[in-house]
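Okay, structure first, notes after.
Lettering of chains follows the sequences in order, A, B, ..., and the numbering in each one begins at 1. Note that this is a predicted model, so its numbers are computed, not measured.
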Amino acid sequence: MDTISVAEARKSEAVGRVVQLRGWVRTRRDSKGGFSFIELNDGSCQGNVQIVAPGELPNYDAVVKHLLTGASVSITGEVKASPAKGQATEVHATAITQLGDAPAETYPLQKKGHTFEFLRTIAHLRPRTNTFGALARLRHRVSKTIHDFFDEQGFYYIHTPIITASDCEGAGALFRVTTLDLDKLPLTPAKSVDYDQDFFGKPAFLTVSGQLQVESFACSLGKVYTFGPTFRAENSNTPRHLAEFWMVEPEMAFFDLTDNMNLAEAFLKRIIRDALDKCPEDMAFFGERIDKTLLPRLHSVLEKPFLRVSYTEAVAILEQSGKTWEYPVGWGRDLQSEHERFLTEQHFQSPVILTDYPRTLKPFYMKVNDDGKTVRAMDVLVPGVGEIIGGSQREERADVLEQRMREQGIDPTAYQWYLDLRRFGTVPHSGFGLGLERILLFLSGMANIRDVIPFPRTPGNAEF
RNA sequence: UCCCCGAUAGCUCAAUGGUAGAGCAUCCGACUGUUAAUCGGACGGUUGUUGGUUCGAGUCCAACUCGGGGAGCCA
């Protein structure tokens, strides 16, 4: 006798097989006819399989009639075509063993819906719900697609370090990594903290980006990407920010900004297509239960070419829109959420890539244009989420790069290894970053980023 | 970090300053294959915390804690 998953048991090809199933009870309905229906789920798919438990089972009165939502069971039986509507198959049980109880007085999950705020307080149990099971499967699928897409295009996956001594982007609060005793810090004669005595002999932090390190491998292996956890100690309290999140950062030698934009567009579209093709049940669930406008929006993004608009053009559009903005619009001012959302959701009603921002608004590593005023930056904006990808062609001229560091108050002596990439065999190259949780928000229609990562870390919250 | 809103039964929510309620869940019972099954009954509360106003506070005021929405920072 085979042990099969709920996903397999739900398919009509399974009819006639005598099998074992293991999982968790979602609901039990007792019938007038002296038997019970059990909805069984094992996480293998969105749907449950209906178990028909006859009253003749030796433990029917003692066990089966008392199975509650959340109980774990092992079931033996035959898969049959279901005579009733609602499911193709059902399993007629010949034996049911309860593996674990879930007393209703203490088990917090019910078969009825819960608010996401409540489920966040039981993050260790929420993957047993429809929504969080679907999100876990989708998260896996997107991660797999990321590796598939880059592998097929000849990229190498580079493991960049989690601990770093360089503050990559010059901005953004960092988490410090130290073995020093905070209650008894060693001091230098000048009464400042003596980092010579720390584990790495100098201050160290959790990474905010693997970009600088992955550039080193792009400038030797050609096309590479890094994909891993990233940490920001910003005190951001929004539905779009986490202190710990996952980021994909491809970096390509010999790519200019246009190549970079083409790759970003193909990449996003591939992620959407794979989600729709390979997680159809879960995506249908999101479209039905989470956001009715989700599936039309995803299909629209899939079909439309991403518009490419310069920052300068975008500012002109915003100035001529006749709208009143909470934050002023003008060349040299950064675009705010309200501006980005207007462009992608109202003006263009399409994904938009904004390019060539003023040099003062962007980090030192972006290539300066011939006009001297703008840099080869690109931000991909999508309806519903806003900025989802940020990238640029990198500055490959050592002298310009060093000047840009000074311009932004960054000490070039700390980045000699990075400048070496321009001193020795420098090449044009480009890359971008995509937040995994941001793309999951976009794909699922979920509203809060804390609900698309298994165990969210945010200011004041690192439970579980 | 700033602005706004909220916190009442296990969950989702009601309750003019005057005895704290419903639905769901759970338990008991009824019901010829149910689909968030249905129907009847029972059980269930220091109204987030602390203080204040009042004859009387779930309700009004203050602070704090936690949560939500928006904003900034960004991915």
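Regarding A:Asp61, its CG atom lies at a distance of 14 Å from the P atom of B:C27, rounded to whole Å. Going from atom CG of A:Asp30 over to atom P of B:C27 covers 10 Å, rounded to whole Å. In this entry the distance linking CZ of A:Phe231 with P of B:C74 reads 20 Å, nearest Å. At whole-Å resolution of the value, CD in A:Glu340 and P in B:G72 are 9 Å apart. The interatomic distance linking A:Lys85 (NZ) with B:A37 (C1') rounds to 17 Å, in whole Å. Between the P atom of B:U34 and the CD1 atom of A:Ile51 lies a distance of 18 Å, rounded to the nearest Å. The CZ atom of A:Arg126 sits 17 Å away from the P atom of B:C11 (whole-angstrom rounding). In this structure, CZ of A:Phe116 is placed 24 Å from P of B:C66, rounded to the nearest angstrom.
For A:Arg29, the CZ atom sits in a packed shell: over 12 heavy atoms of surrounding residues, nucleotides or ligands are nearer than 6.0 Å. In the displayed structure, A:Lys373 atom NZ is contacted under 6.0 Å by at most 12 heavy atoms of other residues, nucleotides or ligands.
You'll find that the side chain of A:Arg120 is closest to B:G67, out of B:U35, B:G67, B:C74. Here B:C28 is the nucleotide among B:G72, B:U34, B:C28 with the atom lying nearest to any side-chain atom of A:His66. When each of B:U35, B:C73, B:U12 is scored by its nearest atom to the side-chain atoms of A:Thr115, the top-ranked nucleotide is B:U12. Distance from the side chain of A:Leu68 is smallest for B:C27 among the nucleotides B:G72, B:G69, B:C27. Looking at the side chain of A:Arg450, the nearest of the listed nucleotides B:A71, B:U34, B:G68 is B:G68. Nearest to the side chain of A:Asp334, among B:C27, B:G72, B:C74, sits B:C74.
Mapping A:Gly86 and A:Ala104 onto RNA chain B by nearest heavy atom places A:Ala104 at the nucleotide closer to the 5' end. Nearer the 5' end of RNA chain B, as judged by each residue's closest nucleotide, is the contact made by A:Val52, out of A:Val52 and A:Ser337.
Using C1' as the reference atom, B:G70 and B:C43 are 43 Å apart when rounded to the nearest Å. One P atom belongs to B:U26, the other to B:A15, and the distance between them is 27 Å to the nearest Å. For the C1' atoms, the distance from B:G18 to B:A37 is 42 Å, rounded to whole Å. Using C1' as the reference atom, B:A57 and B:U8 are 14 Å apart when rounded to the nearest Å. Across B:C61 and B:U53, the matching P atoms stand 15 Å from one another, rounded to whole Å. Of the C1' atoms belonging to B:A36 and B:A62, the separation is 44 Å, rounded to the nearest Å. Here the separation of B:C60 from B:U1, taken at their P atoms, is 27 Å to the nearest Å. Using P as the reference atom, B:A25 and B:C39 are 10 Å apart when rounded to the nearest Å.
Taking side-chain N and O atoms only, A:Gln110 has no distance below 4.0 Å to OP1 or OP2 of B:U12. Between A:Asn235 and B:C2 there is no side-chain N or O to OP1 or OP2 distance below 4.0 Å. When the side-chain nitrogen and oxygen atoms of A:Arg29 are compared with OP1 and OP2 of B:A36, none of them lie within a distance under 4.0 Å.
In this entry B:C24 has B:G10 as its Watson-Crick or G-U wobble partner, both defining distances falling under 3.5 Å. Base pairing analysis places B:U46 opposite nothing; no Watson-Crick or G-U wobble pair with both distances below 3.5 Å involves it. For B:G58, there is no paired base (Watson-Crick or G-U wobble, both distances below 3.5 Å). B:A71 is paired with B:U1 under the criterion used here, namely a Watson-Crick or G-U wobble arrangement in which both key atom distances are under 3.5 Å.
One finds a salt bridge joining A:Arg10 and A:Glu281 here, because a Lys/Arg side-chain nitrogen approaches an Asp/Glu carboxylate oxygen to under 4.0 Å. Using a 4.0 Å cut-off between a side-chain N of Lys or Arg and a carboxylate O of Asp or Glu, A:Asp256 and A:Arg376 do not qualify as a salt bridge. Here A:Lys323 does not pair with A:Glu338 in a salt bridge; the nearest charged N to carboxylate O distance is not below 4.0 Å.
Contacts of A:Ser36 with the nucleic acid, taken as non-hydrogen atoms under 4.0 Å apart, are absent. Residue contacts shown for A:Leu436 are absent, as no nucleic acid heavy atom lies under 4.0 Å away. If you check every strand for non-hydrogen atoms under 4.0 Å, A:Glu244 touches nothing. A:Pro103 comes within 4.0 angstrom of no nucleic acid atom, judged by non-hydrogen atoms across all strands. A:Glu326 comes within 4.0 angstrom of nothing in the nucleic acid, heavy atoms only. Across all strands shown, A:Pro83 has heavy atoms under 4.0 Å from base atoms, whether or not it also approaches the sugar-phosphate. The residue A:Gln87 sits close to a base: some heavy atom pair falls under 4.0 Å. Residue A:Ile388 is classed as a sugar-phosphate contact, given heavy-atom separations below 4.0 Å to backbone atoms only. Among the heavy atoms of the strands lying under 4.0 Å from A:Phe245 is at least one base atom, whether or not backbone atoms are also near. In this structure, A:Phe35 reaches the bases: a heavy-atom distance under 4.0 Å links it to at least one base atom across the strands shown.
At a cut-off of 3.5 angstrom, counting only N and O atoms as typed in the model, there is no donor on one side facing an acceptor on the other between the side-chain of A:Ser236 and the base of B:C74. In this model, no side-chain donor or acceptor of A:His114 finds a partner on the base of B:C11 within 3.5 Å. In the interface, the side chain of A:Asn237 is paired with the base of B:U1 through a donor and an acceptor atom under 3.5 Å apart.
Nearest heavy-atom pair across A:Ala9 and A:Val49 is CB-CG2, 4.1 Å. A pairwise comparison of heavy atoms in A:Met366 and A:Ser392 identifies CG-OG, 3.3 Å as the closest pair.
Taking the side chain as every heavy atom from C-beta outward, A:Ile51 and A:Leu21 approach each other to under 4.5 Å.
Of the options A:Asp334, A:Asp379, A:Thr374, a side-chain hydrogen bond (donor to acceptor under 3.5 Å, both in side chains) to A:Lys362 is made by A:Asp379 and by none of the others.
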